[in-house]
Participant: 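Please see the structure below; I have some questions.
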Protein chains: 2
Amino acid sequence: MQLSNSSKYAIRILAYMADQKDSKLMNATELAEALYIPYKFLTKIMTELVKVGLVVSIRGREGGYKFEKKTSEIMVSDILDIFNDSIKDEQCVLGIGFCNGLCKCALHDQWMEPKLLLQKMFRESSLEDIAGRGCKI
Amino acid sequence: MQLSNSSKYAIRILAYMADQKDSKLMNATELAEALYIPYKFLTKIMTELVKVGLVVSIRGREGGYKFEKKTSEIMVSDILDIFNDSIKDEQCVLGIGFCNGLCKCALHDQWMEPKLLLQKMFRESSLEDIAGRGCKI
DNA sequence: TATAATTACTACTTAAAGGTAGAATTAATC
DNA sequence: GATTAATTCTACCTTTAAGTAGTAATTATA
Ligand code: SF4
Ligand code: SF4
């Protein structure tokens, strides 16, 4: 009952970047050290964030990463989507499946409330909302 | 953001068993066929449920499984515990970790509500509550 | 007692997540 | 132009979850 490591790392990375005032470039080494994420795994994740268009990368010396979109436009659910970790409408938090309207599983009624609440949180929390709050490690 | 297959199967198995009137024995073959769970995987799960004392098994011909405890005394969280899938107090739904009171992560405030709701659901839903509702596949 | 039907045990295979290594590419600066 | 600091690519390794196979142990019944 957890997010994948990739999702968790990505959230922490982007929340940390959103915290930095001015949109200066941040490189993989400083991110990895600040957030205690294995360097090689972090670069793998960053490359995915670039591919999907959340951040842009500047290669070469003095390069690094910065946001492509405004932090107010990046929702946590956008991040989870990348790693297939978000909660789809047709899929329950429990993921017991077999649900088709005709046949709801035994837990349906009990679980709809937290499910919808989680979905709402994921979809309505932007990086801007998160920025400045909590410690970003 | 899902339960493990073992947890999901176990919930479905036990919910299905709870549905059967009178506590007659149910064998692995009928459970596997009724619930579309691979037979060999189901027996592996059942053996764990036996070890942990939720159900008792009768070996040999005419054997099978039945509840050891009353269905009103078996909470969904008891099932999740077996497969290390329940939500611990010190661990968040998001599992970003690093939380120690001094240092809450960026998402803490937003996630506490669904976390507590999920915990409450898991801990307060018994198999008896579930029995008779929904289809148990 | 032999047989058939059942769970339990041991060990393996497969698939996916998590993580690592090294070389290739890019671009600023000396 | 060479050097250096950075991202990207390809390929691999490790760990864990998921699933399978075969056999041993158990027990009711014929
Ligand atoms: S709880 Fe509802 S939505 Fe979730 S798997 Fe069961 S029937 Fe489907
Ligand atoms: S949201 Fe709160 S409880 Fe969850 S990991 Fe972050 S600080 Fe800990």
Side-chain angles (χ1 to χ4, degrees), chain A residues 1-13 17 24-68 79-80 82-86 95-97, chain B residues 1-14 17 24-68 79-86 95-97:
Chain A
M1 205 56 186
Q2 286 229 351
L3 296 177
S4 67
N5 275 6
S6 296
S7 285
K8 291 187 283 185
Y9 286 154
I11 291 171
R12 285 172 53 218
I13 293 164
M17 286 175 63
K24 81 167 172 59
L25 287 181
M26 312 216 54
N27 68 48
T29 307
E30 52 182 333
L31 288 172
E33 282 172 3
L35 298 164
Y36 309 102
I37 298 173
Y39 173 82
K40 281 291 198 180
F41 197 27
L42 180 136
T43 58
K44 197 180 204 174
I45 290 167
M46 292 313 287
T47 301
E48 299 208 60
L49 299 182
V50 169
K51 277 195 186 129
V52 88
L54 288 189
V55 307
V56 348
S57 62
I58 313 291
R59 295 174 66 162
R61 189 167 176 165
E62 304 292 300
Y65 304 96
K66 67 180 178 189
F67 284 108
E68 166 82 328
I79 304 168
L80 302 189
I82 301 167
F83 306 100
N84 236 302
D85 239 345
S86 64
I96 296 190
Chain B
M1 206 56 187
Q2 285 226 353
L3 297 177
S4 67
N5 274 6
S6 295
S7 285
K8 291 187 284 184
Y9 286 154
I11 291 171
R12 286 171 53 217
I13 293 164
L14 294 172
M17 285 176 64
K24 82 168 171 59
L25 287 183
M26 312 218 52
N27 67 49
T29 306
E30 53 182 331
L31 288 171
E33 282 173 2
L35 298 164
Y36 308 104
I37 298 173
Y39 173 83
K40 280 291 194 180
F41 197 26
L42 181 136
T43 57
K44 198 181 206 174
I45 289 167
M46 292 312 288
T47 300
E48 299 208 59
L49 299 181
V50 168
K51 276 195 187 129
V52 88
L54 289 190
V55 307
V56 347
S57 63
I58 313 291
R59 295 175 65 163
R61 189 167 178 162
E62 302 293 301
Y65 304 97
K66 67 180 177 188
F67 285 107
E68 167 80 329
I79 303 168
L80 302 189
D81 278 340
I82 300 167
F83 306 100
N84 235 302
D85 239 344
S86 63
I96 294 189

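Because the structure is predicted, anything quoted here is derived from the model rather than measured. So you know, we letter chains A, B, ... as the sequences are listed, proteins then strands, and number each from 1.
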Participant: Could you tell me which non-hydrogen atom of B/Met17 sits nearest to which non-hydrogen atom of B/Lys66, and how far apart they are?
Facilitator: CE-CA, 3.8 Å
Participant: For a quick test of reading the model: is some side-chain N or O of B/Thr29 closer than 4.0 Å to OP1 or OP2 of C/dT6?
Facilitator: no
Participant: Find which nucleotide of DNA chain D each of A/Met26 and B/Gly60 is nearest to by heavy atoms, and output the residue with the more 5' nucleotide.
Facilitator: A/Met26
Participant: Would a distance-only check, ignoring hydrogens and angles, find a side-chain to backbone donor-acceptor pair under 3.5 Å from A/Asp85 to A/Ser4?
Facilitator: yes
Participant: Find every protein N or O atom lying less than 3.5 Å from an N or O atom of nucleotides 9-18 of chain D, and list the pairs.
Facilitator:
residue	atom	partner	partner atom	Å
D/dA18	OP1	B/Asn5	N	3.0

Participant: Determine: side-chain N/O of B/Tyr39 to OP1/OP2 of C/dT6, distance under 4.0 Å, yes or no.
Facilitator: no
Participant: How long is the straight-line distance from NZ of B/Lys8 back to CD1 of B/Ile13, given to the nearest 0.5 Å?
Facilitator: 13.0 Å
Participant: So what does B/Tyr65 touch, heavy atoms closer than 4.0 Å: a base, only the sugar-phosphate, or nothing?
Facilitator: sugar-phosphate
Participant: Measure the distance from CG on B/Asn27 to C1' on D/dT27 and round it to the nearest whole Å.
Facilitator: 14 Å
Participant: Any idea which heavy atoms bring B/Ile45 and B/Ala10 closest together, and the distance?
Facilitator: CG2-CB, 4.2 Å
Participant: Output the rounded distance in Å from CG (A/Leu42) to C1' (D/dA6).
Facilitator: 13 Å
Participant: Please report, rounded to the nearest Å, how far the C1' atom of C/dA8 is from the CD1 atom of B/Ile45.
Facilitator: 15 Å
Participant: Would you mind telling me which residue lines up with the more 5' stretch of DNA chain C, A/Glu62 or B/Ala28, judged by nearest nucleotide?
Facilitator: B/Ala28
Participant: Give the rounded distance in Å between these two atoms: CD of B/Gln2 and C1' of C/dA17.
Facilitator: 15 Å
Participant: What's the CZ-C1' distance between A/Arg61 and C/dT25, to the nearest Å?
Facilitator: 16 Å
Participant: Using whole Å, report how far CG of B/Leu31 lies from P of C/dT6.
Facilitator: 12 Å
Participant: Just verifying a value: how many Å separate A/Ser6 OG and A/Leu42 CG, rounded to the nearest 0.5 Å?
Facilitator: 10.5 Å
Participant: Pairs of donor and acceptor atoms involving the side chains of residues 46-63 of chain B, under 3.5 Å and at least two apart or interchain, shall be tabulated with distances.
Facilitator:
residue	atom	partner	partner atom	Å
B/Thr47	OG1	B/Thr43	O	2.9

Participant: Let me know the distance between CE of A/Met46 and P of D/dA6, rounded to the nearest Å.
Facilitator: 14 Å
Participant: Checking A/Glu33 side chain against A/Glu30 main chain: does a donor-acceptor pair fall under 3.5 Å?
Facilitator: no
Participant: For the pair made of CD1 in B/Ile58 and C1' in D/dA25, what is the distance, rounded to whole Å?
Facilitator: 15 Å
